[in-house]
Amino acid sequence: MKQTALVDKHIALGAKMVEFAGYNMPVSYTGLNDEHHTVRNNAGIFDVSHMGEFYITGKGALPLIQKVTSNDASVLTPGKVQYSCLPNNDGGIVDDLLVYKINDEKYLLVVNASNMEKDWNWIASHNDTGAVMTNASEETSLLAVQGPKATAILQKLTPVDLNSIPYYNFTIGKFCGVDDVIISCTGYTGAGGFEIYCKNEDAGKFWDAILEAGKEEGIKPAGLGCRDTLRLEMAFCLYGNDIDDTTSPIEAGLGWITKFTKEFTNSKVLLEQKQKGVSRKLVGFRMIEKGIPRHGYEITDAHGNIEGVVTSGTQAPSLQMAIGMGYVKTELSKPGSEIYIKIRDKLIKAIVVKTPFYTQPAK
Amino acid sequence: MTIGSMFQGNSKKSQSNLLVLFIFADLINKTMNFPEELKYTKDHEWIRVNGNEATVGITDFAQGELGDIVFIDINTVGQEVAHEGLFGTVEAVKTVSDLFMPVSGKVLEINPKLEANPELVNNDPYGDGWMIKLTITNEAELSNLLSVEDYKKEIGH
């Protein structure tokens with residue numbers, strides 16, 4: 001099993017460790033609910049160093065990225081980040097990812113750990129543009145510092161004016177005395193904050209410094225367990241659950257990152273889907289009757305006829321209700337539609353709702 | 001239960017019995033509590049026998065591994081359920097686990113407090129967090145239950 005540069009820190013903190021995407025990762029430290037509320041109300045620090053980082057460089061970089069990703073990377077200026085996906089040839093998704101534009105001939109792609117090898121091979125197989133690909137995953141650590149107090153905490157450790165970095169923008173600057181650190185106003189929680197990309201050898205120092213700097217604000221280490229409940233309250237897709245090799249970005253509600261201003265893998269089929277409509281859609285729902293939806297449960301009508309499948313579900317700590325996402329026939333995808341979730345052979349009533357489920361209160 | 005399955009995999013995988021908790025046995029918090037007077041099962045349930053009636057819950061180890069418990073789903077009140085038969089399900093935020101009868105019996109009642117306060121199972125697993133009361137139908141089965149020493153050995157405590 002692989003491990004991140006911070007594994008000893010997690011074990012020393014008493015984390016419950018699990019294997020995730022081949023890595024020994026912390027799932028929780030003080031308890032999932034406690035960590036979830038800490039991130040929503042104060043700040044939490046996540047080790048997400050398992051994520052993959054590929055640098056794409058040279059004159060062929062943008063043409064390659066344009067070919068393999070669904071969003072239009074040509075609109076990026078240096079310092080901007082874009083959410084995108086890699087469509088496959090069969091109507092599905094190879095992976096979802098972030099595209100960072102560092103300069104005209106240097107981009108950073110951040111991919112899911114579980115798909116790292118698949119993504120690398122997929123992108124490499126389309127590389128006839130002469131782009132140079134470098135896999136920096138093994139030597140790169142990633143700390144996500146998330147929550148309403150994250151910016152104030154991190155500001156103590158960098159001369160970069162963090163408030164001047166808008167959402168989905170980044171800067172490369174000094175952090176904890178180390179040069180060339182990527183400070184990115186992104187995250188997977190909907191709670192605000194930054195993600196810090198650094199070299200493995202700096203990760204321990206950064207981890208300790210951030211926890212120390214955030215003591216007053218009540219920062220806590222946060223594990224993958226609450227990362228999942230936080231992202232689900234925002235209805236952010238999780239690859240392997242809500243999107244995969246068989247789900248199209250149009251079905252998944254990712255039309256906003258599928259831009260037909262250029263040609264890309266399978267773009268003709270996806271354009272047709274967008275124009276003609278799709279037969280199923282990814283929706284958010286909340287339980288009306290008592291029960292917790294889980295990945296793989298069937299979605300039915302009142303008579304038990306199968307209408308779809310749950311892709312993610314949980315009791316939502318910030319909402320005090322059970323929520324889920326799943327694919328349903330398009331006729332049932334409108335908010336207000338009554339659906340049933342088959343839980344242990346019983347049909348439990350739920351209702352399709354608008355997402356995100358959770359809205360961060362105004363400051 | 002593989003906690004990893006909360007991120008990927010299917011419902012069948014995430015709904016397995018408590019026995020699989022052993023993979024975390026090396027992470028046991030040494031401050032965990034296992035009362036001497038109770039009997040235990042390999043499925044991480046405890047049973048307090050009182051004449052031909054008994055009270056059943058899950059162990060401190062089990063609640064710790066499940067994490068924050070949010071729902072206890074038991075629909076077997078009034079039913080006779082055989083030894084190791086399913087009497088309900090416990091749901092934590094991200095995990096689901098089945099509950100099995102430590103001995104054959106008729107389920108008499110569910111702890112009424114758990115409907116509004118399922119976290120009692122985390123906070124007081126042997127007290128206010130009890131799950132069911134039952135009438136024992138085959139007293140001979142009591143001899144198969146684990147003593148506290150045997151249970152601690154099971155979980156490497």
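Each chain gets a letter, A, B and so on, in the order the sequences are listed, and its residues count up from 1. Computed from a predicted structure; not experimentally measured.
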| query | Parallel under 30°, tilted from 30 to 60°, perpendicular over 60°: which one fits the rings of B:F34 and B:Y40? | reply | perpendicular
| task | Using a strict 4.0 Å threshold on nitrogen-to-oxygen distance, state whether A:E289 and A:K349 make a salt bridge. | result | no
| chain B contacts, top residue of A:K346, A:H36, A:M25 (heavy-atom pairs, under 4.5 Å) | A:K346
| Where does A:S28 contact chain B at under 4.5 Å (heavy atoms): side chain, backbone, both or neither? | neither
| query | Does B:Y151 have its ring centroid less than 6.0 Å away from the ring centroid of B:H44? | reply | yes
| said: Under 4.5 Å from any heavy atom of chain A, what part of B:N122 do you find: side chain, backbone, both or neither? | reply: neither
| chain A contact via B:E115 - side chain, backbone, both or neither, heavy atoms under 4.5 Å | both
| Residues A:R344 and B:E91 bridged, charged N to O under 4.0 Å | yes
